[in-house]
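To find a chain, count down the sequence lines: A is the first, B the second, and so on, and within it residues start at 1. Because the structure is a prediction, the values reported are computed rather than measured.
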Number of protein chains: 2
Amino acid sequence: MDTEPAVDKMKNSFSRKDEIFKQATMLFKKRGYTATSVRDLAQESGIEAPSIYSHFKSKEDILQQICFGMAKAFMTGLSKAEKKKSPDDKLKAAIKAHIKVVTGNSDASAVMWNEWKNLTEPYFDDFKTMILDYETRFRKIIKKGIKAGIFKRNNPAMATKLLLSSLNGLAFWYDPGKHQAKDLNSTITNIFFKGIVKRKN
Amino acid sequence: MDTEPAVDKMKNSFSRKDEIFKQATMLFKKRGYTATSVRDLAQESGIEAPSIYSHFKSKEDILQQICFGMAKAFMTGLSKAEKKKSPDDKLKAAIKAHIKVVTGNSDASAVMWNEWKNLTEPYFDDFKTMILDYETRFRKIIKKGIKAGIFKRNNPAMATKLLLSSLNGLAFWYDPGKHQAKDLNSTITNIFFKGIVKRKN
DNA sequence: CCTACCGATCGGTAGG
DNA sequence: CCTACCGATCGGTAGG
C-alpha cells in the first residue's frame, strides 16, 4: 500500500539519505572508516545493508562526500579571509573561519582529517592537492606578515604546521555544550599571536 | 639442515621480530591499523602470514605494544620534567621531552594517536586513562603557572589542548632529514610562550 | 617458519 | 527498500 503523498515520500527520501550520512559520519569518527561496515551503517540507519546503495554508490562515496564537502567549506572560508588588507587581519579572519567550520561540523572535520588516506585514486590525489593548497595559503599569509615586520622571524613552515595542528585538533575535543565558538576564537588567537607568558612591565 | 650456531639463530629471531614490528608501525601509519592485514605485514617482512603468530599473539598485540610503549615513553619524559622548580621551567622541560619522544619515534607516535581507538578492552580503557592523566598533568603545570602570575589567565583546559594538539601533530609532519629537534624545540616553545606577533617598542 | 585450511565477515549485485 | 546471494578477504589455527 502506498498512501503517502509524493511530497512526503520526497521528504522521507531526503531525510533517510541525510540520516545515513549523519550516522556514517559519527561511526567513521568513533570507529574509523575501515572498521565501520556497510552493515553497521545500515543498522544505525534502521534499514538493511543493500538499501544503502539506493542512496550512495559505494561506501567510499560517503567518505568522498564528507572529505570534499569539508574541504570546500574550509576553502571558501579562507578565500573570504584573504580579502582582508593586512597580514594580521587576514590571519585572524582565517583562524576565525577555520574555527567556524570545525565547530559547525566537528564530526565531519575529524573524519576528514583521520580518514582521507582511505580515499582511492583519483580522489586521494585531488584531496591531497587541496589540503596542500590550503596550507600553502596559510603559510603565505604568515610569510607576508614577517616581511611586513608584523610577525616575528619564526620558520613560516613550522609556524603554519603548529597553527593548523591546533586548529584541526579542535575537531577532537570541541564540545558544543561546553565551549563557546567565541571563547575558542579569542583564546586560540590570543595564544598564537601573543603567547601564554605574561609580559613583565 | 641446521648448521647455524645458536647465537645466530637468536639474533635472527630477534631481528625478525623487530622487522615485523617496524613494518607494522610503518603500515599502520600509512594505511591505518584496520586497513592493514596480517598478510600485508607478512609480505613486507618477507614471511608467510601464519608465521607472524610465532612472534606476536595477535594483530592487536602489535598495536598494544606500539601504544603502551609510546605512552610509557611520554610518561617517563613528563615525570622528569615535573621535577623542575618553576612552572615555566616544568613546561619547557615537558615540551622538550615530548618533542624528543615524538621525533625519536614519529611513526609510532602517529600510530598511537590515530589507532588507539582500535584497542579492545581492557586495553582501551587502560590506555585512555593514561593519556587523560598525561593531559591532566600538563594542565596542572599551566594552572600553577597562572596562579604564580607567570602565565596569563587563559582557559587552562583550552591552552593544554592547543599545546598538545600542536605537539602531537608533529608526528605527522616531522621529517628527520628536514628538521632539527633543536630548532623544533625552540620554535615551538617560543611561539607557545611568546606568540608570533612582534612587540612594539 | 611453512602448508593447508577454516568460519566469519566484508563490499557489493541481481532481481524484484 | 527488501531477500537472497556471491566471490574475496579477513584473523587465526592445526600440525608439522
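For the pair B:Lys59 NZ and C:dT9 P, the interatomic distance rounds to 15 Å; values are reported in whole Å. In this structure, A:Tyr53 atom OH and C:dA14 atom P are separated by 13 Å, rounded to whole Å. Rounded to whole angstrom, the span from the CD1 atom of B:Ile52 across to the P atom of C:dC1 amounts to 9 Å. Distance, A:Lys57 NZ to C:dG12 P: 11 Å, rounded to whole Å. Regarding B:Phe56, its CZ atom lies at a distance of 15 Å from the C1' atom of C:dC1, rounded to whole Å. The distance between atom CG of A:Asp61 and atom C1' of C:dG11, rounded to the nearest whole Å, is 14 Å. A:Leu63 has its CG atom 12 Å from the P atom of C:dG12, to the nearest Å.
One finds a salt bridge joining A:Asp133 and A:Arg137 here, because a Lys/Arg side-chain nitrogen approaches an Asp/Glu carboxylate oxygen to under 4.0 Å. The pair A:Asp89-A:Lys85 does not count as a salt bridge, with every side-chain nitrogen at least 4.0 angstrom from each carboxylate oxygen. For the pair A:Asp40 and A:Arg31, the salt-bridge criterion is met [side-chain N within less than 4.0 Å of a carboxylate O].
Just one residue in the list B:Lys30, B:Lys22, B:Lys29 forms a salt bridge (Lys or Arg N to Asp or Glu O under 4.0 Å) with B:Asp107, and that residue is B:Lys29.
Residues A:Trp116 and A:Phe124 place their aromatic rings such that the two centres sit under 6.0 Å apart.
Within 4.0 Å (heavy atoms only), A:Thr34 reaches no atom of the nucleic acid at all.
In this structure, B:Lys161 is not positioned above the aromatic face of A:Phe172 in the sense of NZ or CZ being under 6.0 Å from the six-membered ring centre and within 45° of the axis.
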For residues 91-99 of chain A, which side-chain N or O atoms pair as donor and acceptor with protein atoms under 3.5 Å away, sequence neighbours left out?
unit_1, atom_1, unit_2, atom_2, d
A:His98, ND1, A:Tyr134, OH, 2.7
A:His98, NE2, A:Asn168, OD1, 3.3

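Within residues 37-49 of chain B, the residues approached by DNA chain D to less than 4.0 Å at the level of any non-hydrogen atom are B:Ser37, B:Val38, B:Arg39, in residue-number order.
You'll find the side chain of B:Phe193 stays beyond 4.5 Å of the side chain of B:Ile188, heavy atoms only. Counting heavy atoms from C-beta outward, B:Leu41 and B:Ile62 have side chains that approach closer than 4.5 Å.
Note on A:Ser51: a side-chain N or O is less than 4.0 Å away from OP1 or OP2 of D:dC2.
Nearest nucleotide to the A:His55 side chain, out of D:dT13, D:dT3, D:dC1: D:dC1.
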Open item on the list: Reading 5' to 3' and counting Watson-Crick or G-U wobble pairs with both distances under 3.5 Å, write the dot-bracket notation for DNA chain C, | for bases paired outside the strand.
Closed with: ||||||||||||||||
